[in-house]
Amino acid sequence: MKIGVLLCNCGDTISTTLDYEALTSFIQTLPNVKYAETRGDWCQRESLQILTQTITKKKLDRLVIAACSPHLFGTRFYDAAEEAGMTRGQITFANIREHCAWVHKENPQGATAKAKRLIRSAVFRVAAQSPTTTKTFPVTQEVLVLGAGIAGIQAALDLADRGIKVHLVEKEPTIGGHMAVLNKTYPTLDCSICILGPKMAEAATHPNIELYPYTDLVDAENLGKDWLLTLNKKATYVDWDKCTGCMQCTEKCPTRVDDEWSWNIAKRRAIYMPFSQSVPRKVTIDAEHCKMLTDGKCGVCAKICPAEAIDYEMKDEIIKVEVGCVILATGFKEFDPSVVPELHFEENPDVITQMQFIRMMDSVGPFGGKLEVPSDGRKPEKIVMLQCVGSRDERYSWQCSSYCCMAAIKHAELAKLEYDPNIDITIVARDIRAGGKGFEEFYVRARDEYNIKVVYRGDDLEIVQKNGKLVVRYSDPDGSTKSLAADLVVLSCAMTPSPGTQELANLFGVPLGSLGFYKALDEKVALSRTDVNSVYLAGTCHGPKDIPESVELAGAAAEQASVWLSTQTVSKDLDTAIVNTDLCNSCGLCISACPSQAISLDKKNECVIVDEVRCQGCGECMAICPVGAIGPLNTNPTVLDSALEGLLSNSIEGSDSVIVGFACNECVYRAIDEAGEERLQYPADLHILEVPCTGSVSTPKVLQTIEDGATGVILFACDSKLCHYGRGARMANSRAQVVRNVLTQSGKDPNLVQVAQLIGRDAKEFAAIAQKAVASIQRSNRS
Amino acid sequence: MTNEDPRIGVFVCKCGTNIAKVVDVPEVAEYAKSLPNVVYAGWQIFTCSEEGQNIIKRHIKKHKLSRVIVASCSPKLHEPTFRRTVMEAGINPFYFEMVNIREQVSWAHMKQKDEYAEATEKAKDLVRAGVYRAARLESIGATTQKVPPVCMVIGAGIAGIAATTLLADNGYEVHLVERSPALGGKSAQLGFVFMTDTCGVCVPPRHGEMARKCLSKRVILNDPKIHVYTQTEVKQFSGYIGNFQARLHSQPRGVDIETCTLCGKCMEVCPVEVPNEHDFGLANRKAVYYPFPQAVPRAPVIDFDSCTKCGKCEHACPVNAINLDEKFKEADITVGTVIVATGFDVFKPEGLYGYGEYPNVITQLMLARILDPMSPTDGQLLRISDRKLPKRVGMIQCVGSRDPNYYSHCSRVCCQVAMKHAVYIKEHWPETEVTIFYKDIRLQGKEYERYYLDAQRLGVKFYRADIAEVEEDSGKSLKLTVDHHNGTKESFPVDLLVLSAAMIPAKGAKELARTLNLEVDLDGFFREYHLKLAPVDTTTDGIYLAGACSSPRDIAEASFMGAAAASHAAIPMSKGEVEVDLAKSIVDESLCIGCANCYAVCPYSAIYMEGGVAKVIEVACKGCGICVVECPAEAIQLRHYRDKQIFYQIEGLLANVGASKK
Amino acid sequence: MSKVKSKPKTKPAKALAKSLLTFKPRIVSFCCHYCSYGAADLAGTSKMSYPINVEIIRVPCSGRVDPLHVLRAFKEGADGVMITGCLKDQCHFVSGNIYAEKRMQKLAKELEAIGLGGRLVFELMSAGMASKWVETASSFYDQILKLGPNPLKRVKTGVKSE
Amino acid sequence: MTVRIATMGMAGCSGCHIALLDTGVELLNLLKDVELVYSYPIVDAKNPIPPNIDVALIEGSIRTNHDKEMAKAMRKQAKFVIAFGACSAHGGVNGLANTFDAQEGVEYVYHKTLLMAQKQVPSEHVPQILPENLRLSDVVKVDFIIPGCPPHPDEIAQIITTLLAGETPKLSSKSICDECPLERLTEPPKQLRRIHEIPEQGICLLSQGFLCMGPATRAGCGAECTRRLMPCTGCRGPSETVWDQGIVMLDALAAMEKDEITNFKLSRLAGTFARYTYASSKLDNLRKGLKKK
């Protein structure tokens, strides 16, 4: 092994504090060091060229760069070394600028000793590291989109237009989802089928889209890179190749059942088409209610069908597809207000939901567009709309459903515009939430031009019957109770997760958020991604959204999916976990610890295997493994031990105390760098050891470090909420608790081990914590 | 086909009842049958539905139609849809004509209830004009335009970064153009961001990453696919999808990013101190400075406005990275697509509620800087006048937004921001009273409501009220007065008043719109192609919108909109080419007299003179037709809008004048 | 905002009163595809009312409108011609609206000379300015109402009846 | 040539000897080539330890000075010393006594428990109790260990057979999970469960929330307990690369975000996490370290 050590004095900004003569001679004494050179400008182009030449000439196979933070110019060194055939795994940095010289200006002697330890640690560590490799992972160039509402259709079209094959699966007999039956959309009052219809047509005819209407997804198997999905194409009992959509059967069918597409406010037949613009325009027999299929008596549709398309013998069909990734676009379900006792929804036919209301008014809906009071058919004179039914209500969901205010305003405006401008419409709201492009203007117009009244309410709300009339009682924000008489009460119900969300979440391993919608990888900057690398989210299955947001999220999901497919060469030049198969006993602890779900048992249950694509190299597995069988390639237990040995072996003049600070490579390291840039001073005892995530440091490792002679240990983790790997920071915290507990109960001072959580940019906080923690450790060592 | 008489089919749409409620659609269809060359006319409920389109196709076959007219909604909405439909039935897409009887007839006259009969007549007029025009339409071909896999992203805020990294991960080359010296946009100014409480400089995870990354990890700078231009603006812009040409104008940074080792010596020696705009002047900075601590690219920048050019920094720099005489740079790039992500600005509420007059009236963004642990105040809440912890903090919502005097739109994020800050203050300084004066609390987003509940639980007070007046007392505290509807007044004393100022279009958005030929809406935000279904597209093919430049949005929305814009930009780039129709100007060389009038007026330099006649570069021509009017010899014509086509349309429209009383 | 309006010609009050009873002006409106057509669309979408007989011909750009088109419209019997383009500096085709403005200014003068003064209006608006569109259409309609029928209409009607 | 074998018992329950006898028929085969020269359950052990012993199996931990001396005496005569069973190898259950002070323990037993009527600590004719309970290797060099409480008869037979064949026996370097047939779940347990609760068939006990020491415990017993849905108690001590059996499992459970683990009480949980190894554990080391200071 031939290690080269580059020592940089950065102009002279490092060497003013550090004793470079001492450092140079010290480096010569280190094992395997075959080349060492000091320069003031290693990061500059000419020097990097020298580096490339030297590696080749001296046949170096390991490199230590003792200079500034790898986060600053790391890639330059990597590039220069890679040019000479080295890989990143063969390079290690000793940050003697930000982590040493700049922060210990008042203690040059201590700083020099610390620099020696840091360099020795890097030399030991790099010797234990292994070269990294790049691998390619072929991914099936197909995508399955589950759910064909507006989000699913948009995602499918985006991908199909890019030449990617899409399987579009919809559980209903038609695509289009909720948007297809919304009548109009706010704030432009575009008729929804007019803008959606063409997209539905395009999705149905696109050469790159395979449409599976009336199909359920029943199983999903993760093949590592691909998904093997099992679909159940439900029997429609109508041969769709023959059906012309003439609808004669639906007129003659004797069975009337509640029509789910008008939210049970109207009836449909047992053979039916969901709505008149259904795509595909075919009829379906509802097996549950069809008399022929339940009792074997009827068969009217078969007799009437001119195309002889009815087939009572039809069976479900199982289809298997293999795709590279999956987009979930399973949409939402309108909250069922019958569970709210004070609204008396079921007892009173004149209390309806917004979905029912809009279906009632829809000219092409089941009523052909009319506005009447359901119980007696008269024209309503007073309509009251109640907002936040099932949302912003602790009993059901405290979340705001975000679309209902605008929907109510839209429906109120439509009633005025298309039926009677004299209808008295009052919206009882907590707040009117009209944030969105053109929304506020729409609201103002409704309020000022159409004279739609808005009143605010407190928590209480009740619908009572008074002399056969409906009265809405609500608490005014000032505390008093007010009431409003109404002919018709319309409830603006919450968006709730669509049925089956939980099952799908289990199938794909996607976690759910607190309210039962799918949880995104990051609720701020990665809404379309999930914790599973090849499963993406589009539309309201992620949470309440309106149409433009659904469309955008669908585009985002499509983009993410295409990135997943297009990057066939996954450059894993990184530290993915490797398994020591001799040691692994397949206990499976790492499987549940992995935040990326990258670990699984091999087929024979003999050891675990790591999905290199998913693995993020965080090292949580390493921390939990009882036998040290798994760990990131270049932060595995052996490498870490070497690094620690480098820090802790004795005999550095001027330094008798070594406090090891494990710091995560993300936020914390950045904060420490920044402390350096700001020249914030802290004691030179603190030696930072970079780990991928502080959650990768196990309790035994901490105790071992102390056993091996460290004066103390500080675990620097990100803020719990900010951990890049989800739970790493929490792990570090709870491990520190365990260690401190062990120490206490063994009669030792728990303060030997400190834990600190800080946000990435907080250099000041870091310096303050470092000072405090080091002081505390020193105190407990003295006592 | 051109030699034969055109066979026109007219399809009148009821659009549910959208049209049928006002216009007697069957009557219009019946009337259409009487018009010249019309061999078929009929009506449908939804012509744009799959079924409707199939019916058109069936009738084209059945009646051997050579021209198709659909009388329905605005061609802005469905012209492309129906062009595709007739094309699928074997007809040239330019043989399709759309008549708008919804936006222009039924909807426009919906309120004129007594005049529905006349509206029907108007629909007939329009259909007749369409029929006349359709008879003279010509078949127009298309050419293909190569789209190179290169995209320019303007603006490196969260939306621009999201789009950039995704495109780069997808293998496209990206030119990322940012006006300020550092990437990150407004979100980098926020200490914590709403909902996840993550730090403002976190950027979306890239391919293969399962976690956000810190902007400062230089993931963007080190990507060979991404070219970053800071302090740069798009000066000139021309071209069309596949061939956009931009001239980028970069201000001098004064410090060579490549050479600088970040040793910080220049900042030590610089004698100039000016207030730091990143922290709203809460602290000073030198003339050579980091824009903010996590700024990327990570090298100081020289503020040439305040720099005295004393040369001390140049002398101190160990690697000669500083050049005080650096000049601006210009670069010309050619790109296939463009994503505009220029973000927003915060409305400066000068003169409102004492802002600018009293020191203790600040904006939410400034409060964000104060509360950021990395701020000059160390994250300590304080009021500006005496730097002491305020006992009472007031917040006023909708300052400048939802206000007919300023901006009519709702800024969407201010409620979240106020809520976040109120909760933060109550969590850290529980003794401090926080009162929020609002019109409506608008927290629209997944689980955003939690903050409202938290705020209520922590004792933040909420008043639905309009503040009438703000006065300052001797102790620099403020008195807010509320006029109640019943005529009474109520006052609230506060020590620090925070205004939730509106999100408004970014400075220079208008100029950029002009440069890029983008449409803007009333409040000055960029206009999308379709508010509902094409929120990231624009009317110019190849230009897409991302983030708050099209309307106020929060970080989450900006980031997924950035991804969506990337998706749309990638469609033509992944195909490698787009079809460009040739509805462009054409010169009849036998008539051309070579006067070069057309050449002189063409805004796109699409016309050149050769051999005494004008010639048109078809891909460069955008089909505006300015040249046609200018031609004295009627030698140049715009296909699809030829003079004769317009004349016949006028003739058709007015054919019934005098025929009968309308 | 630029406005080109020539002075309405005064007419004997009696004739005016008579024509007002039966006269419903026909107005041809040339709208550029990008801005003013969008404004008209938005007016419809927002259910803003304007006189029914304002009828739109779509052109790619106001710069495409040839004075000949306007004259043809008058010849065919239009009582007024309304041309709308994008706002200054917002023309989708950079300068089409500028050319249009110049051309129409010239044309307006000529129209006045032949007795068609006040029957041409040129307005600029963005696609978001629906109310401006409605306002222009309505006020122009009122203006034409006052002016009375296009004198050329008699010619056309006469020709037709022959 | 016959091999001279001795067995010896220290602080322990003789269970290991019973296990030796449990080897059954195998024992008869073994005895053909073996001369049992010293073994307290079988041979009179009042005589001094005979010389030239080839293999010595020593059961039990070192609790008294008598134990210590006997161990040293045996080491002198034996060529190959095997720590036989958990107590001898790791300190065993006896080791848990180390969580208390030895003298306090003695006081407690003789003064506070009801059984001891005399309320007097015996001092005559009894060996002196040591301050620590030690494993065999703390006192003498140990050549090999046979772990388990008690060791598995098959393993005993196999090891002795190997020795008789003149080869060095080897223990498995893996852990119980390697031999356990139960199915692992990918999710961490929702809650920790007590030993008396009834587990689901066929599913990993740890996944179900039972404190199963399997992952950190040396394989070789064939996972007899977990096969029968009894959580592993860790009697075979840590497997080869485990740093500390108890702490490692404690850490694993803490990492599963089980809060009750982070604030564990050593006095309560030492018996769970270090039931057989406390005397040789890092926990005990730490405590000792403190004492030395």
Side-chain angles (χ1 to χ4, degrees), chain B residues 73-77 100 102-112 115 118-119 121-122 125-126 129 133 510-511 513-514 517-523 527 539-540 583 601 603-604 622-630 638 640-641 643 646-647 649-651 653-655 657-659 661-662, chain C residues 22 24 26 28 30 33-35 37-38 40-50 52-61 63-69 72-73 75-78 86-87 89-96 99-100 103 126-129 134 150 153-154 156-158 160-161:
Chain B
C73 50
S74 170
K76 283 200 162 194
L77 191 61
N100 183 351
R102 192 178 75 173
E103 278 83 352
Q104 285 175 18
V105 184
S106 70
W107 278 358
H109 309 309
M110 189 170 271
K111 286 184 181 164
Q112 291 140 286
E115 297 171 285
E118 284 173 51
E121 289 304 314
K122 177 176 179 180
D125 290 346
L126 294 174
R133 173 174 157 83
K510 263 214 169 115
E511 290 70 34
R514 168 103 193 92
N517 263 318
L518 292 177
E519 294 174 35
V520 293
D521 62 20
L522 272 186
D523 283 333
R527 177 179 284 275
T539 46
T540 310
V601 296
Y604 300 106
K622 293 207 168 179
C624 62
I626 300 174
C627 53
V628 185
V629 186
E630 216 63 22
L638 177 61
H640 205 55
Y641 286 101
D643 276 336
I646 296 175
F647 284 149
Q649 192 176 2
I650 297 170
E651 199 178 296
L653 188 66
L654 298 169
V657 170
K661 281 270 181 251
K662 270 193 81 180
Chain C
T22 53
K24 287 203 168 163
R26 288 289 293 272
V28 175
F30 292 94
H33 176 77
Y34 287 96
C35 289
Y37 195 88
D41 268 359
L42 187 60
T45 325
S46 319
K47 314 288 185 311
M48 295 168 161
S49 298
Y50 55 86
I52 287 183
N53 280 347
V54 180
E55 294 168 337
I56 293 172
I57 286 178
R58 180 168 61 125
V59 286
C61 172
R64 174 66 191 95
V65 182
D66 200 311
L68 292 173
H69 300 152
R72 183 62 166 260
K75 185 190 155 213
E76 294 296 333
C86 307
L87 287 177
D89 295 344
Q90 283 182 24
C91 175
H92 189 78
F93 298 109
V94 186
S95 50
Y99 287 108
R103 289 164 187 161
S126 78
M129 299 163 83
V134 169
N150 171 7
K153 199 186 274 184
R154 288 197 299 274
K156 187 189 173 187
T157 322
K160 283 253 158 149
S161 61

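Just so you know, these numbers use all the heavy atoms, side chains as well, and skip hydrogens, waters and symmetry mates. Within every chain, numbering begins at 1; the chains are lettered A, B, ... in the order of the sequence lines, protein sequences first and strands thereafter.
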Checklist entry - Side chain, backbone, both or neither: which part of B/Leu126 has a non-hydrogen atom closer than 4.5 Å to chain C? => result side chain

Item to check | Distance, nearest 0.5 Å, that separates NE2 of B/His109 from CE of C/Met48 | outcome: 14.0 Å

Item to check | Selection from C/Ser49, C/Ala127, C/Ala100, C/Pro67 maximising heavy-atom pairs under 4.5 Å formed with chain B | outcome: C/Ser49

Checklist entry - Do you know the tightest heavy-atom contact between C/Cys61 and B/Cys624? => result CB-O, 3.6 Å

Item to check | CG-CD distance between B/Leu654 and C/Glu55, expressed to the nearest 0.5 angstrom | outcome: 7.5 Å

Next on the checklist: Could you work out, with ring pair (Phe, Tyr, Trp, His ring centres under 6.0 Å) as the rule, every residue matching B/Phe647, not counting sequence neighbours?
Outcome noted: C/His69

Next on the checklist: Does any backbone or side-chain atom of C/Tyr50 lie under 4.5 Å from a heavy atom of chain B? Answer side chain, backbone, both or neither.
Outcome noted: both

Item to check | Contacting region of C/Val134 [heavy-atom separation from chain B under 4.5 Å] | outcome: neither

Checklist entry - Quick one: is the NZ or CZ of B/Arg133 closer than 6.0 Å to the six-membered ring centre of B/Tyr641, and within 45° of its axis? => result yes

Checklist outcome for this item: Honestly, the part of B/Val105 sitting under 4.5 Å from a heavy atom of chain C is neither

Item to check | 4.5 Å side-chain heavy-atom contact, B/Val629 and C/Tyr99 | outcome: no

Checklist entry - Given a strict heavy-atom distance threshold of 4.5 Å, which part of B/Arg514 is in contact with chain C: side chain, backbone, both, or neither? => result both

Checklist entry - Under 3.5 Å, is there a donor-acceptor pair between the B/Gln104 and C/Tyr37 side chains? => result yes

Next on the checklist: Under 4.5 Å from any heavy atom of chain B, what part of C/Ser126 do you find: side chain, backbone, both or neither?
Outcome noted: side chain

Checklist entry - Do you know which of B/Ala108, B/Ser74, B/Pro603, B/Ala129 has the most heavy-atom pairs under 4.5 Å to chain C? => result B/Ala108

Item to check | Residue C/Arg103 versus chain B: region with a heavy atom under 4.5 Å | outcome: side chain

Item to check | Residue, of B/Lys111, B/His640, B/Met110, that accumulates the most heavy atom pairs under 4.5 Å with chain C | outcome: B/Lys111

Checklist entry - Looking at C/Gly96, C/Ala73, C/Ser95, C/Ala43, which has the largest count of heavy-atom pairs under 4.5 Å with chain B? => result C/Ala73

Item to check | Contact class of B/Glu511 relative to chain C, heavy atoms under 4.5 angstrom | outcome: neither

Checklist entry - Highest number of heavy-atom pairs under 4.5 Å with chain C: which of B/Leu77, B/Asn100, B/Thr540? => result B/Asn100

Item to check | Salt-bridge criterion met for B/Lys122 and B/Glu118 (N-O under 4.0 Å) | outcome: no

Item to check | Under 4.5 Å from a heavy atom of chain C, the part of B/Asp523 involved | outcome: neither

Checklist entry - Tell me, side chain or backbone of C/Cys91 under 4.5 Å from chain B's heavy atoms, or both, or neither? => result backbone

Checklist entry - Can C/Arg58 and C/Asp41 be counted as an ion pair, charged N to O under 4.0 angstrom? => result no

Checklist outcome for this item: Residue set satisfying ring pair (Phe, Tyr, Trp, His ring centres under 6.0 Å) with C/His33, at least two apart, ordered chain then number -> none

